[in-house]
Undergrad: 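Got a structure for you, written out below as structure tokens; questions coming shortly.
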Amino acid sequence: MMNRFEEFTTRIVQQVGKKEGPVSPVMVNSASFGYGNSETGEGIFDGSIKKPLYARMGNPTSAQLEQILASIDNGVGAIAASTGMGAVAMATLSLLKAGDEIISVGGLFGGTYSYFSETLVRFGITTHFFDVEEFNAIERAINTATKIIFLESVGNPNMRLPDIRRIAEIANRNGVAFIVDNTITPLSVAPIAMGADMVVYSTTKIISGNASALGGAVIMRAISEGEDKFKGERYNDVHPFIKKMGTMALIANAKKRALRDFGMSANGFGSYITMLGLETLPLRMDRIVATVEKVVKALSENGLQINHPSLTNHPQHERYRTQFANGCGTLFTIDMGSKEKAFEFLNRSKLVTITANIGDSRTLGLHMASTIYRDFDEQTKEFLGITPGLIRISIGLESAEAIIDDFLNAANI
Ligand SMILES: *Cc1c(COP(=O)(O)O)cnc(C)c1O
């Protein structure tokens, strides 16, 4: 079988560039678009004419990015967003109303955790949180109010790996929408092929790859011509879109229910920069996942407490080998035992850039408990795996040997 990154590198460079006219994507920054005549204006608004309406509803540069991302993930379409949180909000708000429930499986990005546990609660939406191995409890928690099962392909920062196929099977058997945040494993994990309905990305991370643009995207699968769970009673609000737009209904639904009214829209410049990054994504992923395996092996052999599923002591090591054959992205964690030791390590390292980002060309690091998770109570920190000495590392493009030397030196080994 061809390595996934090898397969994508040819396709993506061809999709970003053009054979005629400007080779680099054309950047359109206009907020509005002239319709020429009123008849065309009417056609654009009723959907019969496919031309830009107003940049909050779509932009030609973002449309190219959307097309490429949809093709990577076997989606029927995609909607670019201003940020990853914008994408999470768009995907979820397109389906939710007061009284609904979400089932969230596994570790969660801090922003998504607060969105579920603090913000959506204010609007009458409840989220139930489960560990990746609690299959029976997840299934038992499903009731008529459950609208979404949500998970991240890799728990950030707890590094737990979900059984995506098995959760998809539970969601599909019970007629519940399944959304996967694939920010950490683009190309290497294919959620729609594994049974997901929507894939969410923060393109700010490894897709752009160099901290140059905030962005996000939601990729949606096609609604089936025959039976489809979105045709069930649970998703009554989506039915008018299925009637009008058929296979494209999830896109049309999210555009009207979320993008139009909340305005988490991408901008042309951000989408342009994102495509420049996307072009080299397969090469960077391929190199970084290989570096991560070398680095975690060397560090753990030198006695550091490393959490990464490629290590045989990790509880999901077997799943890593079978379902994550192309790695699980750029992250791992080091538990230094105390906040003081963690600060000392980060301050002594010459390579680490101390920042809250991940998926950069450079190696990044951050002490978790004093930063992203500082406002969380002890019980929540325990659930999310945030110990006092925990450092999250995101490996970059530096040589594995240089990183290992630097880390051992920083840890006084
Ligand atoms: C960073 C991140 C987000 C949020 O993305 P922003 O672009 O910062 O809004 C969501 N999910 C995951 C897994 C992330 O790492």
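Both counts, for ligands and for their atoms, begin at 1 and track the order of listing. All figures in this text were calculated on a predicted structure; none of them were measured in a lab. No hydrogens, no waters, no symmetry mates; every other heavy atom, side chains included, goes into these values. Numbers here simply count residues along the sequence, with the first being 1.
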Undergrad: Before signing off on this row, confirm whether Lys205 and ligand 1 have an N or O atom pair separated by under 3.5 Å.
TA: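 Lys205 vs ligand 1: N/O contact under 3.5 Å present.
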Undergrad: Give yes if a backbone or side-chain nitrogen or oxygen of Gly84 is under 3.5 Å from a nitrogen or oxygen of ligand 1, and no if not.
TA: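 Between Gly84 and ligand 1, an N or O pair is found under 3.5 Å apart.
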Undergrad: Any nitrogen or oxygen of Ser202, main chain or side chain, under 3.5 Å from a nitrogen or oxygen of ligand 1?
TA: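 Looking only at distances, the answer is yes, because the N/O contact criterion of under 3.5 Å is met.
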Undergrad: Which ligand 1 atoms are under 4.0 Å away from a heavy-atom of Thr204?
TA: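 Those of ligand 1 that fall under 4.0 Å from Thr204 are 7 (O).
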Undergrad: What part of Ile358, side chain, backbone, both or neither, has a heavy atom within less than 4.0 angstrom of ligand 1?
TA: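 Ile358 to ligand 1: side-chain contact only, backbone stays beyond 4.0 Å.
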Undergrad: Please verify the inter-ring angle class for Tyr320 with His308; under 30° counts as parallel, over 60° as perpendicular, anything in between as tilted.
TA: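 Ring orientation of Tyr320 relative to His308: perpendicular.
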Undergrad: Taking 4.0 angstrom as the limit, do Glu401 and Lys294 come out as a salt bridge?
TA: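 No, Glu401 and Lys294 are not salt-bridged.
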Undergrad: Are side-chain N/O atoms of Ser202 and Thr183 paired as donor and acceptor at under 3.5 Å?
TA: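 No, Thr183 and Ser202 have no side-chain donor paired with an acceptor closer than 3.5 Å.
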Undergrad: Suppose I only count heavy atoms of Met85 and a 4.0 Å limit; which atoms of ligand 1 are within that range?
TA: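 Listed by number with element, the hits are 4 (C), 5 (O), 6 (P), 9 (O).
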Undergrad: Assess, by modelled atom type and distance only, whether the side chains of Asp335 and Thr387 contain a donor and an acceptor separated by less than 3.5 Å.
TA: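 There is such a pair (donor and acceptor under 3.5 Å, judged by atom type) between the side chains of Asp335 and Thr387.
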Undergrad: Just need the protein heavy atom nearest to atom 4 (C) of ligand 1, so name the residue and atom and give the distance.
TA: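 In this structure, atom 4 (C) of ligand 1 has Phe109 CE2, 3.4 Å as its nearest protein heavy atom.
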Undergrad: Relative to the heavy atoms of Asp181, which atoms of ligand 1 are at a distance of less than 4.0 Å?
TA: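 Under 4.0 Å from Asp181, ligand 1 has these atoms: 10 (C), 11 (N), 12 (C), 13 (C).
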Undergrad: Under 4.0 Å from a heavy atom of Gly215: which atoms of ligand 1 are those, numbered in the order shown and with their elements?
TA: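 In order of numbering, the contacting atoms are 7 (O).
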